[in-house]
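Following: one structure in structure tokens, then a few remarks.
Being a predicted model, the structure only gives us computed values, none of them experimental.
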Amino acid sequence: MNFNKNRTSLSVSVRRHFVDNFFFSHKNLFAEGKLVLDIGGKKNNKRGLFDIEKTGANVKYVNIDLSTNPDIVSDASNIPLPDNSYDVAIMGELLEHVPDPKNVLKEAYRLLRSGGLVLITVPFLYPVHADPYDFGRYTDYFWQETLEKIGFKEIKIEKQGTIFAVLALIIQHIFRAKNKSWRPIQTPLILFFMWLDKKTSNPLLRAWTTGYGIVVKK
């Protein structure tokens, strides 16, 4: 399913739309020469449109999936690298796939230099999906408290979508379950709900979200 002839993040999935937008909006943090560790990232077979390597940063990928061609094959909670060795760490849609996200965040803290940043995206109202496992969904309150206890500073958490983005995501999955695109119906529905998503300010409707984008400093 595509909304037009060109592949877009929204045509990949509503969730990927928010993930890509988050990283594109923070691409200035990946300045040329910065040492970046993409924990759980994919050097090959990327899911979205954002490609950190195009920023000029010096990127190393950590993954247990050999098909992604990682630079370091390792569990995310025990990476064989020295303390205080990286400027930025990325965890894009990773932490729901580990049994204890706190241990992974502690490992990122260890690897970062003073003043280093971690950029995180995590789903919330999103289907269970194996990669190879899916362990949990956590609220923004959980992330705030966990990151503070580890020692991170300047914690910024943004909700990625409202109830209308969640509805757009559900519609997208219903069409995919039918194995049909039905673009004349699906496309206007999803675009309409995404338009409503940008317009809504009601706290009750904004309490729903597809997930979170998080930036923290060591």
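Nearest approach of Ala76 to Leu94, heavy atoms of both residues: CB-CD2, 4.4 Å. The two residues Ser74 and Ile64 come nearest to each other via the heavy atoms O-CG2, 3.3 Å. The minimum heavy-atom distance linking Leu29 with Val88 is given by the pair O-CG2, 3.9 Å. A pairwise comparison of heavy atoms in Thr8 and Ser11 identifies O-OG, 2.7 Å as the closest pair. When all heavy atoms of Leu35 and Ser85 are compared, the closest pair comes out as CD1-O, 3.6 Å. The two residues Ile79 and Glu107 make their nearest non-hydrogen contact at N-OE2, 2.7 Å.
Here side-chain hydrogen bond (donor to acceptor under 3.5 Å, both in side chains) pairs that include residues 54-66, with residues two or more places apart or in two chains, are Lys46-Tyr61, Glu53-Tyr61, Asp65-Ser67.
The aromatic rings of Tyr212 and Phe124 are tilted relative to each other, their planes meeting at an angle between 30° and 60°. The aromatic rings of His129 and Tyr126 lie perpendicular to each other, with more than 60° between the two planes, well past the 30° mark. Ring geometry for Phe175 against Trp182 counts as perpendicular: the plane angle is over 60°, on a 0 to 90° scale with 30° as the lower cut.
Looking at heavy atoms from C-beta onward, Met91 lies in side-chain contact with Leu105 at the 4.5 angstrom threshold. Arg47 places none of its side-chain heavy atoms less than 4.5 Å from the side chain of Val19. Here the side chains of Val12 and His17 are not in contact, with every heavy-atom distance at 4.5 Å or above. At a threshold of 4.5 Å between non-hydrogen side-chain atoms, the residues Phe142 and Arg137 do not count as touching. Between Phe22 and Leu119, the closest side-chain pair of non-hydrogen atoms falls below 4.5 Å. Inter-residue side-chain proximity for Thr200 and Phe164 is flagged as met; some heavy-atom pair is nearer than 4.5 Å. Between Tyr86 and Ile39, the closest side-chain pair of non-hydrogen atoms is not below 4.5 Å.
Atom CG in Asp83 sits 7.0 Å away from atom CG in Leu111 (nearest 0.5 Å). Gln186 contributes atom CD, which lies 9.5 Å from atom CG of Leu191 (distance to the nearest 0.5 angstrom). With rounding to the nearest 0.5 Å, the separation of CG in Leu205 from CG in Leu196 is 10.0 Å. In this structure, CG on Leu81 lies 4.0 Å from CD1 on Ile72, to the nearest 0.5 angstrom. Between atom CG of residue Leu125 and atom OG1 of residue Thr209 there is a gap of 7.0 Å, rounded to the nearest 0.5 Å. Within the model, atoms CG of Leu112 and NZ of Lys217 stand 11.5 Å from one another, a figure rounded to the nearest 0.5 Å.
Taken together through direct or relayed side-chain contacts under 4.5 Å among Ile, Leu, Val, Met, Phe, Trp and Tyr, Val14 and Ile185 form part of one hydrophobic cluster. In this structure, Tyr133 is not a member of the same hydrophobic cluster as Val104, with clusters built from ILVMFWY side-chain heavy atoms closer than 4.5 Å. Hydrophobic clustering, with ILVMFWY side chains joined whenever heavy atoms are under 4.5 angstrom apart, groups Phe192 together with Trp208. Cluster membership check: Phe193 shares its hydrophobic cluster with Ile174, using side-chain heavy-atom separations under 4.5 Å among Ile, Leu, Val, Met, Phe, Trp and Tyr. The hydrophobic cluster containing Val73 does not contain Ile90, counting ILVMFWY residues as joined when their side-chain heavy atoms lie under 4.5 angstrom apart, directly or transitively.
Under the side chain to side chain contact (heavy atoms under 4.5 Å, CB included) rule, Ile150 has a single partner from Arg110, Glu145, Lys106, which is Lys106. When each of Thr210, Asp197, Asn202 is checked for a side chain to side chain donor-acceptor pair (under 3.5 Å) with Thr162, only Asp197 meets the rule.
Remark: Lys42 NZ is packed, more than 12 non-hydrogen atoms of other residues, nucleotides or ligands lying under 6.0 Å away. Other residues, nucleotides and ligands contribute over 12 non-hydrogen atoms within 6.0 Å of the CZ atom of Phe24.
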Step by step, would you call Ile214 with Leu147 a side-chain contact (heavy atoms from CB on, under 4.5 Å)?
-> CA-CA 10 Å; Ile214 305 169; Leu147 291 162; 3.8 Å; yes
Checking side-chain contact (heavy atoms from CB on, under 4.5 Å) for the pair Tyr138/Val122: CA distance, chi angles, key distance, verdict?
-> CA-CA 8 Å; Tyr138 306 90; Val122 285; over 6 Å; no
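A donor and an acceptor atom, one from each side chain of Asp20 and Ser9, are located under 3.5 Å apart.
Between Glu93 and Arg15, at least one side-chain nitrogen of the basic residue sits less than 4.0 Å from a carboxylate oxygen of the acidic one, meeting the salt-bridge criterion.
The side-chain hydrogen bond (donor to acceptor under 3.5 Å, both in side chains) check on Lys218 picks up Asn84, with sequence neighbours excluded.
Side-chain atoms of Glu148 never come within 3.5 Å of backbone atoms of Ile155 as a donor-acceptor pair (strictly under, hydrogens ignored).
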